[in-house]
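In the text below, chain A, chain B and the rest are named by the order of the sequence lines, each starting its count at 1. Quick caveat: nothing in here was measured; it's all calculated off a predicted structure.
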Number of protein chains: 2
Amino acid sequence: MKVNQHKIPLNKKIVIETSAQLFFDKGYGYTSMDDVSMVSGVSKSNIYYHFKSKEDLLVAVIEYWSEYYRKLIEQAVYAKTLSVESRIISFLNSLSMEISKREYKGSCPFITLYMQSPMEPTDAKRKITFFFTRLEPAFVELFQQGIDQGEFQGKITAESMGSLFLTTMEGALLLSEVTQDSSKIITTAKNFCKMLY
Amino acid sequence: MKVNQHKIPLNKKIVIETSAQLFFDKGYGYTSMDDVSMVSGVSKSNIYYHFKSKEDLLVAVIEYWSEYYRKLIEQAVYAKTLSVESRIISFLNSLSMEISKREYKGSCPFITLYMQSPMEPTDAKRKITFFFTRLEPAFVELFQQGIDQGEFQGKITAESMGSLFLTTMEGALLLSEVTQDSSKIITTAKNFCKMLY
DNA sequence: TCATATTAGTACTATACCGTACTAATTATT
DNA sequence: AATAATTAGTACGGTATAGTACTAATATGA
């Protein structure tokens, strides 16, 4: 009846999930370790038992978000019975639903956290960079399917399409936050697809 | 022979320009008022003579960047002898030159500063939102010219094009920083234009 | 000239917050 | 049962930093 089969201490998981939300909502710099302790209900001493520093916790949070989005995107890419555009739209719908749930605060955790990092290279920043380099091929594969199935015309290569799409949607996520307009995500995606026909 | 005709105290200007760079490079939260004082060479007491708080200084910095980019974009939009694409490319070239000058740190000051702001609405955040709402019509006008001159086909409206372009380039700026790849800006723009032909 | 605005310097306060130390209880694990 | 891992609690140290107080010098403008 144990929830926790893999020896991951329960509190460690709670702390990661709590601070993932807090860092995302309030920002890394505006979230104190005492905040994390209070909101999670885990004692501060226990937090420092699991994480040697706040930055160490940040790295764990980034791993958490990486895994979270990796799964989300995997679902979209491998639902091969649907058209590429409908897979894109359903993926973005789940994204924009989450964003409106959090009242337009915090569009993309990776960019948000990267921008809140210090100038110096850190493990956190490296992990974020790595996430994006891993992400692009997934989108390229998606558009390759779209080209192969004749859904999009091959005016530009699948590589360019995937890269451009990722870039565009990243911009849409951020601008939807800055302009408080969650509809931007879907309209951007639709316009993008229109240009590909 | 006075540089300073409009009664703007010299030090005030120096402080704004210095902190514009520091906030951009190091980040708002990682820049102390003592840093600003040391780098600018203006005494801290004098800084607080001109700005009642650090956040007040931030607002001035955002106004500075707004004006800076407004001018840059104005030049691009109203150089009507050139083709739209070449105006876009030359505008983006000046952008990416600046970015490589600062060694890929700090892509878009507005997004960077917005992401570093606290959750609560602030004057700074409002000014950034305002900047982007003002920015979009300028790009729309640019693409309207492109359609009118037959440079782009009207597969989507000039409104959609302008909005999509702004979104895409914003994403390119950010991802060029996160992935440390300044070429992304130009390649993104070129691919974007290719899709419009 | 005289008032006002701008400047530097120095010292200081208040506080938020990361991280540590230590104790002791409780919960796995073997 | 014994050992190790996980947990809470409490208190505190150290430091960075926003902002203030006050004095006094210098520039500016009327």
Atom of A:Ile147, atom of A:Ile156 and distance for their closest heavy-atom approach: CD1-O, 4.2 Å
Exercise: identify the closest heavy-atom pair between B:Thr31 and B:Leu22: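 So the minimum-distance heavy-atom pair works out to OG1-O, 3.4 Å.
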Return the value, rounded to whole Å, for the distance between atom [atom1] of [X] and atom [atom2] of [N].
| X | N | atom1 | atom2 | answer |
| --- | --- | --- | --- | --- |
| A:Ile47 | C:dG19 | CD1 | C1' | 12 Å |
| B:Tyr48 | C:dT7 | OH | P | 17 Å |
| B:Leu10 | D:dT26 | CG | C1' | 14 Å |
| A:Glu55 | C:dG19 | CD | P | 9 Å |
| A:Phe51 | D:dT7 | CZ | C1' | 14 Å |
| A:Lys44 | C:dC18 | NZ | P | 7 Å |
| A:Tyr49 | D:dA4 | OH | P | 12 Å |
| B:Tyr30 | C:dC18 | OH | P | 11 Å |

Mind checking [X] for me? I need base, sugar-phosphate or nothing, with any heavy atom below 4.0 Å counting as a touch.
| X | result |
| --- | --- |
| B:Ser37 | nothing |
| B:Asn46 | base |
| B:Gly41 | sugar-phosphate |

Nearest listed nucleotide, side chain of [X], among [options]:
| X | options | result |
| --- | --- | --- |
| B:Pro9 | C:dT6, C:dC18, D:dG19 | C:dT6 |
| A:His50 | D:dG19, C:dG19, D:dT6 | D:dT6 |
| A:Asn11 | D:dT6, D:dA18, D:dA8 | D:dA8 |

Side chain [X] and base [N] donor-acceptor under 3.5 Å:
| X | N | value |
| --- | --- | --- |
| A:Ser43 | D:dG9 | no |
| A:Ser45 | D:dA8 | yes |
| B:Lys52 | D:dG19 | no |

B:Lys54 to B:Tyr28 six-membered ring, cation-pi geometry met (6.0 Å, 45°):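 Pair B:Lys54/B:Tyr28 counts as cation-pi.
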Distance under 6.0 Å and angle within 45° of ring axis: A:Lys12 vs A:Tyr49: no
B:Trp65 and its ring-ring contact (aromatic ring centres under 6.0 Å, His included) partner, picked from B:Phe131, B:Phe23, B:Tyr114, B:Phe24: B:Phe24
